[in-house]
Amino acid sequence: MEQYQKAWQAVWQRIRESVACCGRNADEISLLAVSKRFPPEAVRSLYALGQRRFGENYVQEARDKQQALADLPDLSWVLIGPLQRNKAALAARMFDRIETVDSLALAERLSAARSADLPSLEILVQVNISAEAQKSGVAPEAAVALAAEIARLPRLRWRGFMGIAAETDDVPEQHRQFALLRRCQEQARAAGLSAEVLSMGMSADLDAAVAEGSTQLRIGSALFGPRS
């Protein structure tokens, strides 16, 4: 437990320092603990420290953890990995939020599969802000139009955008890519859409993400340690 407590405190200290540098408040930032490839016991340890929202990349791994941690109330599970359409129906029942929606067809499958007795499934549109061919996501210029289509679907609640910057030590380039996502948010709001969430920034680039308006940071190894 001490290992996780120190890591938890260190991450939040860095967030507080980052928001102070750009005139923001730490209350504006939420933390998504990326628990992919870490065991249920690690999730349980962070839960004891107050963390409630956990991000997973793989549907099957997430289902195994949900079963192992069924005794913990108020856990919120978020899918942050690419979602194959043949797993959309299962994912729609398992997760509280899916951050990797990049097509209307996928959103329609999620809408059709979400049970009416569950709260609306939160959706983020993934935007390919790095323009890397190996990454999922719509082009920035197509993001708002897709968001508008998703916002009309039943049993879904569109919340905002998610983006992953390229792995680079070039801080101005980090800022440039995150600014693309912020502009998507601004354009969505100008079109009358409620875009509350900007999910951007990880351990290596959280300072640039916070400066550009991130409302949710996705942090994994800095909390849990190195992945096996």
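Since the model is a prediction, treat every value here as computed from it, not as a measurement.
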Looking at [X] and [Y], would you say the former's side chain and the latter's main chain have a donor-acceptor pair under 3.5 Å?
| X | Y | answer |
| --- | --- | --- |
| Arg109 | Ala105 | no |
| Tyr47 | Pro73 | yes |
| Gln51 | Arg53 | yes |
| Gln5 | Leu49 | no |
| Arg114 | Ala92 | yes |
| Thr215 | Leu198 | yes |
| Arg159 | Leu124 | no |
| Gln66 | Met94 | yes |
| Ser111 | Pro154 | yes |
| Arg182 | Glu212 | yes |

Inset, instruction - Could you please spell out the steps behind the side-chain contact (heavy atoms from CB on, under 4.5 Å) verdict for Ile123 and Leu153? - result: CA-CA 11 Å; Ile123 298 293; Leu153 294 175; over 6 Å; no

Would you give the length of the straight line joining atom [atom1] of [X] to atom [atom2] of [Y], rounded to the nearest 0.5 angstrom?
| X | Y | atom1 | atom2 | answer |
| --- | --- | --- | --- | --- |
| Ile150 | Leu104 | CD1 | CG | 6.5 Å |
| Ile164 | Asn128 | CD1 | CG | 8.5 Å |
| Arg176 | Ser130 | CZ | OG | 9.0 Å |
| Ser214 | Met200 | OG | CE | 5.0 Å |
| Arg218 | Glu99 | CZ | CD | 6.5 Å |
| Leu217 | Ser30 | CG | OG | 7.5 Å |

Inset, instruction - Would you tell me whether Gln60 and Asp64 have side-chain atoms, one donor and one acceptor, within less than 3.5 Å of each other? - result: yes

Would you say that [X] contacts [Y] through its side chain, given a criterion of any heavy-atom pair below 4.5 Å between the two side chains?
| X | Y | result |
| --- | --- | --- |
| Leu31 | Leu223 | yes |
| Ser76 | Arg52 | no |
| Ile15 | Ile219 | no |
| Val59 | Arg63 | no |
| Ser18 | Leu206 | yes |

Inset, instruction - Would you mind checking if Arg189 and Glu186 are paired as a salt bridge, meaning a charged N to carboxylate O distance below 4.0 Å? - result: no

Inset, instruction - Tell me, yes or no, whether the heavy-atom count around Glu167 atom CD, taken from other residues, nucleotides or ligands under 6.0 Å, exceeds 12. - result: no

Legend entry - Within 6.0 Å of CG in Asn25, more than 12 heavy atoms from elsewhere: yes

Can you name the closest pair of heavy atoms from [X] and [Y] and give their distance?
| X | Y | result |
| --- | --- | --- |
| Val210 | Cys22 | CG1-SG, 3.8 Å |
| Ser103 | Leu106 | OG-N, 3.1 Å |
| Lys135 | Ala165 | NZ-O, 3.0 Å |
| Val127 | Ala143 | CG2-CB, 3.7 Å |
| Leu118 | Arg93 | CD1-O, 4.1 Å |
| Leu46 | Ala33 | CD1-CB, 4.0 Å |

Is there a path of hydrophobic side-chain contacts, each under 4.5 Å between heavy atoms of I/L/V/M/F/W/Y residues, joining [Y] to [X]?
| X | Y | value |
| --- | --- | --- |
| Phe95 | Leu75 | yes |
| Trp158 | Val138 | yes |
| Trp8 | Leu72 | yes |
| Val11 | Val43 | yes |
| Val197 | Val144 | no |

Inset, instruction - With Gln177 as reference, evaluate Asp205, Asp170, Ile129 under the side chain to side chain contact (heavy atoms under 4.5 Å, CB included) test and give the passing residue. - result: Ile129

Legend entry - Asp96 vs Val78, side-chain contact (heavy atoms from CB on, under 4.5 Å): CA-CA, chis, key distance, verdict: CA-CA 6 Å; Asp96 301 298; Val78 179; 5.7 Å; no

Legend entry - Chi angles and distances behind the side-chain hydrogen bond (donor to acceptor under 3.5 Å, both in side chains) call for Glu17, Gln13: CA-CA 6 Å; Glu17 292 171 355; Gln13 179 60 28; 3.0 Å; yes

Legend entry - Ring geometry between Phe224 and Phe54 (parallel below 30°, tilted from 30 to 60°, perpendicular above 60°): tilted

Legend entry - side-chain contact (heavy atoms from CB on, under 4.5 Å) assessment of Arg97 paired with Met162: CA-CA 12 Å; Arg97 176 187 289 178; Met162 184 271 264; over 6 Å; no

Inset, instruction - Please collect all salt bridge (Lys or Arg N to Asp or Glu O under 4.0 Å) contacts where either partner lies in residues 65-89, sequence neighbours excluded, each pair once. - result: Arg44-Asp71, Glu56-Lys65, Glu61-Lys65

